2 protein chains.
Amino acid sequence: MDFSIGELSRQTGVKVPTIRYYEKEGLIDAPLRTEGNQRRYQETDRERLRFIRHCRDLGLPMPAVRDLIELSQHPDRPCDEADRIAAEQLRSVRERILHLKKLEAELERIAVSCQGDHTVTECNVLKAFGDHGQCLSNH
Amino acid sequence: MDFSIGELSRQTGVKVPTIRYYEKEGLIDAPLRTEGNQRRYQETDRERLRFIRHCRDLGLPMPAVRDLIELSQHPDRPCDEADRIAAEQLRSVRERILHLKKLEAELERIAVSCQGDHTVTECNVLKAFGDHGQCLSNH
DNA sequence: CTAATTCCTATAGCGACTAGAGCTTCAAGA
DNA sequence: TCTTGAAGCTCTAGTCGCTATAGGAATTAG
């Protein structure tokens, strides 16, 4: 019926201290307790935690997760806000990809610049790391 | 000839407290001081700082930067280690790109799943955020 | 010489957890 | 029923790479 924090952790992949942290932060509700003061969770808690976990895995920033939870508490509201958050995250992921591709290009150039046996003094890799002027883009 | 920490900051784009932080961490040498105890830097310091800055901009983790600095202190060593660090960073950047592309695909799917007017209860975006089972990949 | 700017040290804060200490409760087997 | 070992509890502190603030001293331009 209900389960312990360790069981919840196993079922969701969220570590025990992290679950307690989320509770302190108000992301999940404080659950019922046994007589001995141990937490006992219900299925709704598990769903909530999986929701958080999945959002985090998808790279959503914490405030966005908070907003989505807030939103899901109000079933009658329009869900534009959820759309907006998803779209914004998509935008941000794409931006990061572009940035990393620039880095990839620079690192590729740097990594192949020093083939073979050299000493540090004549190492083009070290030179390239020191000199942004050699770069193809403003990464 | 020599310049203040503010000037160094302007020339390298590294903020003043960050320069002091790098000194405390041993990434740059403690410079000479004026009679009044203010730091005065030389060109070599500027080069070092630019090196660090550029590495960080390229996404190198701090320990890698430390290693590269260590290495550059020993001009006669072979530079395999520098090659290795560059290659490893390239690998890591590529891995991150792949990961972000997975996220991009999922978010794309999620973002288009809820076109039009809906309320929270029937919001596919919220559902998708809660359910990793819908996902195409293990992001 | 004064006033504005820059510099100094030291300490604390950030975000999102994670680790550890010291103690209590639970669950399963004898 | 008793024991024992795993798992739970709270509280505090640590992580990383800076960044911000406070309170005071030095420098520099006019």
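Throughout, a chain's letter reflects where its sequence line sits, starting with A, and its residues are numbered from 1. Being a predicted model, the structure only gives us computed values, none of them experimental. In what follows, every heavy atom counts, from backbone to side chain, and hydrogens, waters and symmetry copies are set aside.
- With D/dG8, C/dA16, C/dT9 as the candidates, the nucleotide lying closest to the side chain of B/Arg33 is C/dT9.
- With contacts defined as side-chain heavy-atom distances shorter than 4.5 Å, the pair B/Arg56/B/Met62 qualifies.
- Between the CD1 atom of B/Ile5 and the C1' atom of D/dT27 there is a distance of 15 Å, rounded to whole Å.
- To the nearest 0.5 Å, the span separating CG on B/Asp45 from CG on B/Leu49 amounts to 8.5 Å.
- For A/Ser4 and C/dC26, the shortest distance from a side-chain N or O to OP1 or OP2 is not below 4.0 Å.
- Take the nearest nucleotide of DNA chain C for B/Arg39 and for A/Pro61: the residue whose nucleotide is more 5' is B/Arg39.
- Atom pair A/Glu25:CD and C/dG15:P shows a separation of 9 Å (rounding to whole Å applied).
- Side-chain N/O atoms of B/Tyr22 include one lying less than 4.0 angstrom from OP1 or OP2 on D/dC18.
- Between A/Phe3 atom CZ and C/dA27 atom P there is a gap of 14 Å when expressed in whole angstrom units.
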Between N or O atoms, less than 3.5 Å apart, protein on one side and nucleotides 21-25 of chain D on the other: list the pairs.
none

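- Nucleotide D/dC9 holds its C1' atom 12 Å from the CZ atom of A/Arg40, rounded to whole Å.
- For D/dC18, one of the phosphate oxygens OP1 or OP2 lies less than 4.0 angstrom from a side-chain nitrogen or oxygen of B/Arg56.
- Looking at heavy-atom distances under 4.0 Å, B/Arg10 makes no contact with the nucleic acid at all.
- Computed from coordinates, the B/Leu32 CG to C/dC7 C1' distance equals 16 Å when rounded to whole Å.
- Across the protein-nucleic acid pair, A/Leu60 atom CG and C/dA16 atom P stand 12 Å apart, rounded to whole Å.
- Taking only side-chain nitrogens and oxygens, B/Thr18 comes nearer than 4.0 Å to OP1 or OP2 of D/dT19.
- Checked by atom type, the side-chain pair A/Ser137/A/Glu106 shows a donor-acceptor distance below 3.5 Å.
- For A/Asn138 and A/His132, the side-chain atoms include at least one donor-acceptor pair closer than 3.5 Å.
- Of the candidates C/dT18, C/dC7, C/dC26, the closest approach to any side-chain atom of A/Lys15 belongs to C/dT18.
- Note: B/Arg77 CZ to B/Ser72 OG = 10.0 Å, rounded to the nearest 0.5 Å.
- Between A/Arg20 and A/Glu23 no salt bridge is recorded (no basic side-chain N to carboxylate O distance below 4.0 Å).
- Note on B/Lys101 versus B/Glu104: no salt bridge recorded, every NZ/NE/NH1/NH2 to OD/OE distance being 4.0 Å or above.
- When rounded to the nearest whole Å, the span between CG of A/Asn37 and C1' of C/dC26 equals 13 Å.
- Taking only side-chain atoms of B/Tyr21, from C-beta outward, the nucleotide of C/dC17, C/dC8, D/dC18 with the closest atom is D/dC18.
- Taking atom CD1 of residue A/Ile19 and atom P of nucleotide C/dT18, one finds them 11 Å apart after rounding to whole Å.
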